[in-house]
A.B. asks: 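Sharing a structure, written as structure tokens. Questions coming.
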Amino acid sequence: GSCVELPLKPDAETAAQAVEAAKGASAVVVGTLNATVYKGQMDILEGLEKLGVPMACVTFRNPFELDRLGRDVFKLTAWEYSKRSVERAASFFTK
């Protein structure tokens, strides 16, 4: 797989580029941090969901964005973003 690293507050152009980069993917895993506060993150989630590929969203703080995603999205709340929390979340997506 490939990885796209994004800023906390992605602008519209960055959000569009992130969604474009995911086209053709067999699945997408996204980590968010307060996406309901940072509109660019929410734009990315909504754009990725429209691609129609299997998607997982891990929230590393407040999980409110999960309520705005469809039922087909795998949702995981980590509640915080320590190294241990990120590693544990990653373990759900590795063999």
Side-chain angles (χ1 to χ4, degrees):
S2 61
C3 175
V4 176
E5 226 176 291
L6 299 164
L8 182 62
K9 301 176 187 178
D11 59 23
E13 182 180 342
T14 302
Q17 289 171 351
V19 173
E20 185 65 30
K23 286 185 177 175
S26 59
V28 178
V29 178
V30 183
T32 62
L33 182 72
N34 292 338
T36 54
V37 175
Y38 304 114
K39 183 183 179 321
Q41 288 186 48
M42 220 40 244
D43 291 344
I44 292 168
L45 290 174
E46 291 166 354
L48 291 172
E49 194 170 12
K50 287 178 185 175
L51 293 178
V53 299
M55 181 171 131
C57 180
V58 182
T59 60
F60 288 101
R61 183 110 175 152
N62 298 322
F64 303 119
E65 54 266 34
L66 297 180
D67 289 339
R68 297 168 79 180
L69 297 175
R71 297 175 74 178
D72 292 336
V73 175
F74 175 80
K75 301 165 185 162
L76 179 66
T77 301
W79 294 106
E80 51 97 14
Y81 47 90
S82 67
K83 181 179 178 185
R84 186 179 98 172
S85 179
V86 172
E87 289 172 349
R88 181 66 178 128
S91 74
F92 285 92
F93 306 104
T94 57
K95 291 182 180 182

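Note that the structure is predicted; figures quoted are calculated from it, not measured. In what follows, residues are counted from 1 in the order of the sequence shown.
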A.B. asks: Flag yes if Val29 and Phe92 sit in one hydrophobic cluster, no otherwise; membership is Ile, Leu, Val, Met, Phe, Trp, Tyr, and two members link when side-chain heavy atoms are under 4.5 Å apart.
C.D. replies: yes
A.B. asks: Run the side-chain donor-acceptor check on residues 51-62: report pairs under 3.5 Å with partners two or more places apart or on a different chain.
C.D. replies:
from: Thr59; atom 1: OG1; to: Thr77; atom 2: OG1; distance (Å): 3.4
from: Asn62; atom 1: ND2; to: Asn34; atom 2: OD1; distance (Å): 3.3

A.B. asks: Counting only pairs under 3.5 Å, give me each side-chain donor-acceptor contact of residues 38-47, with atom names and distances, residues two or more places apart or in other chains.
C.D. replies:
from: Lys39; atom 1: NZ; to: Asp43; atom 2: OD1; distance (Å): 2.9
from: Lys39; atom 1: NZ; to: Asp43; atom 2: OD2; distance (Å): 3.0
from: Gln41; atom 1: OE1; to: Leu33; atom 2: N; distance (Å): 3.0
from: Gln41; atom 1: NE2; to: Leu8; atom 2: O; distance (Å): 2.9
from: Gln41; atom 1: NE2; to: Leu33; atom 2: O; distance (Å): 3.0

A.B. asks: Same cluster for Val19 and Leu69 if Ile/Leu/Val/Met/Phe/Trp/Tyr side chains link at under 4.5 Å?
C.D. replies: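 Shared cluster, yes.
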A.B. asks: For Ala18 and Leu48, work out which heavy atoms get closest and say how close.
C.D. replies: O-CD2, 4.4 Å
A.B. asks: Please round to the nearest 0.5 Å and tell me the distance separating atom CD of Glu87 and atom OG1 of Thr94.
C.D. replies: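 Atom-to-atom, Glu87:CD and Thr94:OG1 are 10.5 Å apart.
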A.B. asks: Is it possible for you to say whether Val4 and Tyr81 belong to one hydrophobic cluster, with membership spreading through side-chain heavy-atom contacts below 4.5 Å?
C.D. replies: no
A.B. asks: Which label fits Phe74 and Phe93: parallel for a plane angle under 30°, tilted from 30 to 60°, or perpendicular past 60°?
C.D. replies: perpendicular
A.B. asks: Decide side chain to side chain donor-acceptor pair (under 3.5 Å) for Ser91 and Arg88; before the verdict, give the C-alpha distance in whole Å, the side-chain angles of both, and the deciding distance to 0.1 Å.
C.D. replies: CA-CA 5 Å; Ser91 74; Arg88 181 66 178 128; 2.9 Å; yes
A.B. asks: Would a distance-only check, ignoring hydrogens and angles, find a side-chain to backbone donor-acceptor pair under 3.5 Å from Glu65 to Thr32?
C.D. replies: no
